[in-house]
Amino acid sequence: MVAMLEDGTPMNNTYPCTGGCACLFYNSNFKGATIRQGQGAKPANIPDYAPYNFYGEGAGSGQGVKNNAASGMSVAPVSSRPGEARPLG
């Protein structure tokens, strides 16, 4: 399963981790393929990552998300602190 945008477009590497969303990355230091959830991305709430794959170019693209994420970040919504990224955890 691939994460989708609100309009039903599959997410890809042109949809970076930006305001109001959380992202998991296949590699450490926020590198490699990613999955984004939150503002503008569907689903916003993922209770089980088993059916989802990482997307985009780079290591891990097409691999399952569950048990394969090496790093993650959340980004504050634009209305509160533009562009502030912080590691999850």
- Nearest heavy atoms of Arg36 and Cys21, plus distance in Å: NE-SG, 3.5 Å
- About how many Å separate CD1 of Ile46 and OH of Tyr52, when rounded to the nearest 0.5 Å? 5.0 Å
- Residue pairs fulfilling salt bridge (charged side-chain N to carboxylate O under 4.0 Å, His left out) with at least one residue in residues 61-75, sequence neighbours excluded: Asp48-Lys66
- Message: Using every non-hydrogen atom in the two residues, find where Met73 and Phe25 come nearest and quote the distance to one decimal.
- Response: CG-CE1, 4.1 Å
- Message: Minimum heavy-atom separation for Gly56 and Ser61, please, with both atom names.
- Response: O-OG, 2.6 Å
- Considering non-hydrogen atoms only, spot the tightest contact between Ala69 and Leu24 and give its length. CB-CB, 4.1 Å
- Message: Show the nearest heavy-atom pair for residues Ala70 and Ser28, with the distance to one decimal.
- Response: CB-N, 3.5 Å
- Closest non-hydrogen atoms of Cys23 and Thr34, given as atom of the first, atom of the second and distance, are CB-OG1, 3.8 Å
- So, Ser74 side chain and Ala22 main chain: donor-acceptor pair closer than 3.5 Å or not? no
- Task: Please list, chain by chain and in numerical order, all residues satisfying ring-ring contact (aromatic ring centres under 6.0 Å, His included) with Tyr26, sequence neighbours excluded.
- Result: Phe54
- When rounded to the nearest 0.5 angstrom, what is the spacing between CG in Asn68 and CD in Gln63? 6.5 Å
